[in-house]
Protein chains: 2
Amino acid sequence: MPRIRHRRLDCSPGCAVEATLELIDGKWKGVILFHLLQGTMRFNAIRKRLPNVTPRMLTAQLRELEHDGFVLRTVYAEVPPKVEYTLTERGRSLEPVIMALKSWGDAHTSFDPASADRATGGTGAGPPDSWPACRS
Amino acid sequence: MPRIRHRRLDCSPGCAVEATLELIDGKWKGVILFHLLQGTMRFNAIRKRLPNVTPRMLTAQLRELEHDGFVLRTVYAEVPPKVEYTLTERGRSLEPVIMALKSWGDAHTSFDPASADRATGGTGAGPPDSWPACRS
DNA sequence: CGGTATCCTCAGAGATACTG
DNA sequence: CAGTATCTCTGAGGATACCG
């Protein structure tokens with residue numbers, strides 16, 4: 001069984017920011033957490049929401065979330081197999097964080113060049129050329 | 001000049017979550033953003049706040065933040081050189097996100113086992129063994 | 001249905017040294 | 001002071017195939 005380790009030990013007043021980021025970082029954890037906020041889901045249900053995820057990656061991410069105490073994995077001894085993923089209390093405590101991320105994303109995915117780059121007496125140089133857009 | 005690309009294009013209702021996460025992900029961006037919220041800082045001032053960062057990494061992270069329109073880099077034609085980093089409007093718009101991350105981290109760095117893992121009719125098995133603690 | 005098992009790639013990140 | 005320049009390496013993450 002591969003042990004799960006966290007890497008960031010660097011501290012400072014902003015340590016808490018990094019600590020939290022590290023926990024929800026990892027390619028799919030954010031979205032998984034977001035979807036689980038709507039309720040318990042089964043493996044393939046989650047999978048359908050993440051179009052490009054491979055089973056291997058989804059398992060890995062879910063295992064990390066479980067290890068970090070965010071989700072509870074419940075296996076039913078049935079045929080065919082049934083596994084449910086539910087947020088724990090700790091997992092639900094992330095709701096404000098996830099929602100802050102979502103709100104910002106919703107508000108800024110279509111970027112308005114006129115509102116950025118105007119901080120102080122900026123040069124006007126270095127025009128931001130491209131931000132990623134959300135497809136579909 | 002190495003072009004900066006973003007990778008995550010995967011969409012779904014939770015797309016915005018991932019989109020935001022991607023922008024502030026990257027080992028040091030969260031803390032940098034956090035510190036810049038307190039005001040304009042110079043390169044070495046930021047560096048002092050991130051004890052274990054190498055100049056190369058700090059430069060890279062700042063360049064990405066600049067590319068994403070979060071920070072403004074102002075170079076003064078002086079000797080010795082002076083470069084200041086300031087948040088843009090767009091950068092400051094991240095404040096709720098950063099603060100959500102920090103609040104959660106502050107509240108959960110000392111983990112209380114009694115409050116987690118009690119979701120539904122949990123098994124009680126799989127005791128969470130170790131979470132990373134903040135040193136210093 | 002809900003995963004494992006392998007294999008592989010490549011970009012993120014560290015160490016070290018040097019510079020306008 | 002504020003960075004570059006290399007060189008190296010780890011491991012997160014993808015592709016593909018198979019299993020209880």
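Each chain gets a letter, A, B and so on, in the order the sequences are listed, and its residues count up from 1.
Minimum atom distance to the side chain of B:K27 is reached by C:dG14, of the listed D:dT4, C:dG14, C:dG3. Side-chain proximity of B:R56 to D:dT6, D:dC1, C:dG2: nearest is D:dT6. Considering only the side chain of A:P81, C:dC1 comes nearest among D:dT16, C:dC1, D:dC1. In this structure, of C:dC1, C:dG3, D:dC1, it is C:dG3 that holds the atom nearest to the side chain of A:V83. The side chain of A:F43 has C:dG3 as its nearest neighbour among D:dT6, C:dC1, C:dG3.
Of the two residues contacting DNA chain D, namely A:T54 and B:A45, the nearest-nucleotide position lying further toward the 5' end is that of B:A45. Nearer the 5' end of DNA chain C, as judged by each residue's closest nucleotide, is the contact made by A:T59, out of A:T59 and B:P55.
What separates CG of A:L21 from P of D:dA12 is a distance of 16 Å, to the nearest Å. The separation between B:W28 atom CH2 and C:dG14 atom P is 6 Å, rounded to whole Å. Atom pair B:K82:NZ and D:dA2:P shows a separation of 9 Å (rounding to whole Å applied). Note: CG (B:L50) to P (C:dA13) measures 13 Å, nearest angstrom. Between A:E78 atom CD and D:dG20 atom C1' the separation is 16 Å, expressed in whole Å. The distance between atom CG of B:L58 and atom C1' of C:dA13, rounded to the nearest whole Å, is 13 Å. Summarising the geometry, the separation between CZ on B:R47 and C1' on D:dG3 is reported as 9 Å, rounded to the nearest angstrom. If you take CE of A:M57 and P of D:dG11, they are 15 Å apart, rounded to a whole angstrom.
For B:R42 and D:dG3, the shortest distance from a side-chain N or O to OP1 or OP2 is not below 4.0 Å. A:Y85 has a side-chain polar atom (N or O) that falls below the 4.0 Å cut-off from OP1 or OP2 of C:dG3. Contact annotation: A:Q61 side-chain N/O to D:dA12 OP1/OP2 distance is not under 4.0 Å. Put simply, A:R63 has a side-chain N or O that comes within less than 4.0 Å of OP1 or OP2 on C:dG3.
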Evaluate A:E95 against A:R92 for salt bridge (charged side-chain N to carboxylate O under 4.0 Å, His left out), listing each step before the verdict.
CA-CA 5 Å; A:E95 181 160 10; A:R92 275 191 293 277; over 6 Å; no
Run the side-chain contact (heavy atoms from CB on, under 4.5 Å) check on B:M41 and B:R49 step by step: do they pass?
CA-CA 11 Å; B:M41 295 181 78; B:R49 307 258 188 163; 3.6 Å; yes
When you look at A:L36 and A:I46, which way does the side-chain contact (heavy atoms from CB on, under 4.5 Å) test go after all the steps?
CA-CA 8 Å; A:L36 285 181; A:I46 301 175; 4.3 Å; yes
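If you check every strand for non-hydrogen atoms under 4.0 Å, A:E84 touches nothing.
Between atom CG of residue B:D25 and atom CD of residue B:E64 there is a gap of 9.0 Å, rounded to the nearest 0.5 Å. Taken to the nearest 0.5 Å, the OG1 atom of A:T86 stands 12.0 Å off from the CZ atom of A:R73.
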